[in-house]
*Asks:* 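Below: one structure in structure tokens.
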Number of protein chains: 2
Amino acid sequence: MKGKEYGFVLGKFAMDEIDKKILTSLQNDARVTVAHLSEQVSLTSSPCWRRVKALEESGVIRGYHAELDPRRLGYDVTAFVSVMLENHRIDVGDSFEVAVQGIPQVVACHNVSGRYDFMLEVVATDLEAFGEFARNVLRTLPGVKEIYSSFSLKSIKHQRRLPLP
Amino acid sequence: MKGKEYGFVLGKFAMDEIDKKILTSLQNDARVTVAHLSEQVSLTSSPCWRRVKALEESGVIRGYHAELDPRRLGYDVTAFVSVMLENHRIDVGDSFEVAVQGIPQVVACHNVSGRYDFMLEVVATDLEAFGEFARNVLRTLPGVKEIYSSFSLKSIKHQRRLPLP
DNA sequence: GGTGAAAGCGAGGACCA
DNA sequence: TGGTCCTCGCTTTCACC
């Protein structure tokens, strides 16, 4: 944690404009060199490198990941699956969460408010494979009462860049 | 595009086990060095480097991005917003899509099947800010008839790793 | 497709202002 | 905090298998 005197306090990390620029760059391209990054933010590479490390250690940066193209990997189907559990006992929710963690086709999962309890994002090679997956895997997960599937017809925006105001 | 004689044809790219291992590593950590990557896949760094470049150029790897922690950036609210348009004329859908692209709070958006037309993932500093955003931005987008918001209470899985079978 | 070597550059640390 | 310098290791490319 840094002890800057200036800069916005966003959440738990005191960030200035330079940090925001760094984060913007790293969201766009996680493999930029510190040398290039330091040019963009008008610093020399050492302080720039130290800021990156501080952002990593503070947890602002959770990690760096390659973004793959699902279709080129053979995943022609992306589905958003809303799941309703039978009851709201803690252990039912917990075992559902644990089970979901272990299913690679589920690429994202949130516990949500509203009519359903969980929102899953699922990939599958095709509709048939998704159907089997829904029937044989999702519906058999602990406590599942109802599921509603909605298919992605087109991905309008998939870069998950957080805005840095 | 490579012309390998063996390996699975997944989608449009002929991949072998080594490519899959490379992609798995890069999904986990986009900043691994080629030197380290080549150790993991039992190659020397040159062919490993060429494979990575081929995967990038073929479009299997779309990019490398830093994953940031929304809460540490002050985004305490993540919402899934389902949007229904007034009609299904192409131009209405198109202008909605264009509008959405320009809104940084919308971190992801899909055109979907089912009761609603679009599924958005939105970040906001708090519920009040989200409410204002929904009222002043989302509801005023071209052609919007109805929106339904569901809030993420807990992120169960956010690493968006695609499985490499 | 793979290997090994070589040049050049960046990461990361020590130290000063 | 930012800047300079320095060194080791990696990246990248080459010629060759």
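Every chain is numbered from 1, with letters handed out A, B, ... down the list of sequences. Heavy-atom basis, side chains included; hydrogens, waters and symmetry copies ignored.
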*Asks:* So that I know where these two stand, are B:His110 and A:Phe80 an aromatic pair - ring centroids less than 6.0 Å apart?
*Replies:*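 Between B:His110 and A:Phe80, the centre distance is under 6.0 Å.
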
*Asks:* Please report the distance, rounded to the nearest Å, between CG in B:Leu43 and C1' in D:dT12.
*Replies:*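 Going from CG in B:Leu43 over to C1' in D:dT12 covers 16 Å.
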
*Asks:* Let me know the distance between CD of B:Glu39 and P of C:dT3, rounded to the nearest Å.
*Replies:*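 It is 14 Å, rounded to the nearest whole Å.
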
*Asks:* Of all the nucleotides listed (C:dG12, D:dC10, C:dT3), which has the minimum atom distance to the side chain of A:Lys53?
*Replies:*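 Nearest to the side-chain atoms of A:Lys53, counting from C-beta on, is C:dG12.
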
*Asks:* Let me know the distance between NE2 of A:His36 and C1' of C:dG8, rounded to the nearest Å.
*Replies:*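 Going from A:His36 (NE2) to C:dG8 (C1'), I get 18 Å.
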
*Asks:* Does B:Pro163 reach the side chain of A:Val123, with side-chain heavy atoms less than 4.5 Å apart?
*Replies:*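 Answer yes - side chains close enough.
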
*Asks:* With sugar-phosphate meaning primed atoms plus P, OP1 and OP2, does A:Ser45 contact a base, only sugar-phosphate, or nothing at under 4.0 Å between heavy atoms?
*Replies:*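 Answer is nothing: A:Ser45 stays at 4.0 Å or more from every strand.
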
*Asks:* Round to a whole Å and report the spacing from CZ of B:Arg31 to P of C:dA11.
*Replies:*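 Roughly 7 Å, once rounded to whole Å.
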
*Asks:* Could you check how far CD of A:Glu17 sits from C1' of D:dT1, rounded to whole Å?
*Replies:*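 It is 17 Å, rounded to the nearest whole Å.
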
*Asks:* Respond yes when some side-chain nitrogen or oxygen of A:Arg51 is under 4.0 Å from OP1 or OP2 of D:dT1, and no when none is.
*Replies:*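 Checking D:dT1 against A:Arg51, no side-chain N or O comes under 4.0 Å of OP1 or OP2.
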
*Asks:* So, OP1 or OP2 of D:dT11: does either fall under 4.0 Å of a side-chain N or O from B:Trp49?
*Replies:*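 No, B:Trp49 has no side-chain N/O under 4.0 Å of OP1/OP2 on D:dT11.
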
*Asks:* Is it the case that C:dG1 (base atoms only) and B:Arg50 (side chain only) share a donor and an acceptor within less than 3.5 Å, ignoring hydrogens and angles?
*Replies:*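 Result: no qualifying N/O pair found.
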
*Asks:* Per the atom types in the model, does the base of C:dG2 pair as donor or acceptor with the side chain of B:Ser46 at under 3.5 Å?
*Replies:*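 Absent.
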
*Asks:* Would you kindly confirm whether B:Val107 and A:Leu26 end up in one hydrophobic cluster when ILVMFWY residues are joined by side chain heavy atoms under 4.5 Å apart?
*Replies:*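 Yes, B:Val107 and A:Leu26 fall within the same hydrophobic cluster.
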
*Asks:* Under 4.0 Å between a side-chain nitrogen and a carboxylate oxygen: does that hold for A:Asp16 and A:Arg51?
*Replies:*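 Answer for the salt bridge query: yes.
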
*Asks:* Nearest-Å distance, OH (A:Tyr64) to P (C:dA11)?
*Replies:*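 So the OH-P distance, A:Tyr64 to C:dA11, works out to 11 Å.
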
